[in-house]
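Atoms within a ligand are numbered from 1 in the order they appear, just like the ligands themselves. Owing to the predicted nature of the structure, the values given are computational and were not obtained by experimental measurement. Only this structure's heavy atoms are used, side chains among them; waters, hydrogens and symmetry mates stay out.
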Amino acid sequence: MFAVTILGNNSALPMHDRHPTSQVVSYDENLFLVDCGEGTQIQMNKFKIRRSRIKHIFISHLHGDHYFGLPGLLTSYGLNNRQEPLYLHAPEPLMEILDLQLKVASTQLPYELHFHPIPEKGGLLVNEKKIEVHAFPVIHRIPCWGFLFREKPKPRKLDMDRLIQYRIPSSFYPRLKAGDDYCLPDGTLIKNEEVTTPGPESLSYAFCADTIYTESFLDNIRGCTLLYHEATYLDSLRERAAERFHSTAKQAAELALKAETNQLLLGHFSSKYEGLDEFLSEAREVFPSTQLAIEGSCYSIS
Ligand SMILES: [Zn+2]
Ligand SMILES: [Zn+2]
């Protein structure tokens, strides 16, 4: 299963029963936490997130609405006597902040906390067996990154009729699935494409945190299965959005269209708006496969 559960969908303030940014990406048994705004632990309890399964935490940038919940979460892991290492991928200055907080409280964490500063230009952060996570820069008032969760290429499918015709031994099948060619005893090369077909499509999820409308990271998100893009304002406040390095619902939809994603998820709504219906209608005029990121809802990446 590949899915994302929304824990917080509001910008800046906790308001209208909405919380600052946080979400959990699940892939099989693995959970990844993306941003950790204030209230994340309470939302985890409410929506029954198995927090012990989280091994990697990603923080997009150091505006408080994206990480003020983190010191509490790290401390709670300690109180729960977590033993498994935890990997934190975040902007470099966060380490200094956390170090000071732990030092003044004389807190010794019982688990290893591995801090990985996100490189300025992004890059590969996590390389698991079936999935990898990349960071890429977005454009905001302070350094900020988006994240791409991408399944690794799936094994190619075997064409059994052809395999029998060429008498290729079954012991070589795993290599064919991995894309290798086969050499017959007489030296004839059988190209992989002659005896296999492409495997199922690899699915991907792109998280684009606080950003002005920009096409600068279009190549990073092109063709992704599900795109989460911030939509702080409606398009009637397009200028204000630009001044504050945020985007509108319409702009998020325009980017989803250009990036040829399958589906769009909107979040990071300004507290100015109590109702969210207009975000949906505005975006759907441009990109019909749009949904609102609603707290507690789980969106399948499929
Ligand atoms: Zn924000
Ligand atoms: Zn921000």
Side-chain angles (χ1 to χ4, degrees), residues 4-25 32-44 57-73 88-98 117-118 120 122 135-148 205-214 216-217 220-221 227-235 237-253 255 264-274 276 279 283 292-295:
V4 57
T5 301
I6 304 301
L7 301 182
N9 65 1
N10 215 41
S11 71
L13 306 169
M15 202 138 168
H16 311 307
D17 212 16
R18 304 196 301 256
H19 300 74
T21 302
S22 184
Q23 44 185 261
V24 176
V25 177
F32 303 92
L33 183 66
V34 181
D35 281 347
C36 191
E38 181 187 346
T40 295
Q41 290 194 82
I42 292 166
Q43 296 291 83
M44 283 178 165
I57 297 176
F58 306 88
I59 301 294
S60 63
H61 67 301
L62 295 183
H63 281 152
D65 55 325
H66 296 257
Y67 83 99
F68 278 176
L70 186 65
L73 178 64
L88 178 58
H89 309 267
E92 192 162 18
L94 183 59
M95 193 67 245
E96 201 180 330
I97 297 168
L98 293 175
I118 303 175
E120 191 185 332
F136 53 89
V138 299
I139 300 181
H140 194 41
R141 292 199 302 281
I142 58 173
C144 185
W145 289 268
F147 304 110
L148 179 71
Y205 173 61
F207 170 90
C208 300
D210 293 13
T211 182
I212 196 168
Y213 176 85
T214 172
S216 64
F217 55 80
N220 298 91
I221 62 171
L227 168 67
Y228 168 92
H229 195 286
E230 73 123 287
T232 309
Y233 298 104
L234 291 170
D235 212 54
L237 291 182
R238 182 178 272 244
E239 279 170 26
R240 184 184 300 185
E243 278 164 21
R244 299 184 180 182
F245 288 81
H246 285 302
S247 307
T248 70
K250 188 176 178 191
Q251 289 174 326
L255 196 71
L264 171 65
L265 195 55
L266 299 178
H268 200 266
F269 308 112
S270 166
S271 304
K272 274 179 61 61
Y273 305 97
E274 190 164 353
L276 300 174
F279 283 84
L292 299 177
I294 300 297
E295 294 179 5

Are any non-hydrogen side-chain atoms of Leu7 and Glu295 less than 4.5 angstrom apart? no
Checking side chain to side chain donor-acceptor pair (under 3.5 Å) between Tyr233 and each of Arg238, Arg244, Lys250, which is the one that passes? Arg244
Nearest heavy-atom pair of His268 and Ser11: which atoms, and what distance? CE1-CB, 3.1 Å
Among Gln23, His229, Glu230, find the one that has a side-chain contact (heavy atoms from CB on, under 4.5 Å) with Phe207. Gln23
Is it true that a side-chain atom of Asp35 and a backbone atom of Ser22 form a donor plus acceptor pair closer than 3.5 Å? no
I'd like to know: is the Zn ion (ligand 2) within the 2.8 Å range of an N/O/S atom from Cys144, strictly under that distance? no
Distance alone, cut at 3.5 Å: any donor-acceptor contact between the side chains of Asn9 and His19? no
Which protein N, O or S atoms lie under 2.8 Å from the Zn ion (ligand 1), given by chain and residue number? Asp65 OD2, His66 NE2, Asp210 OD2, His268 NE2
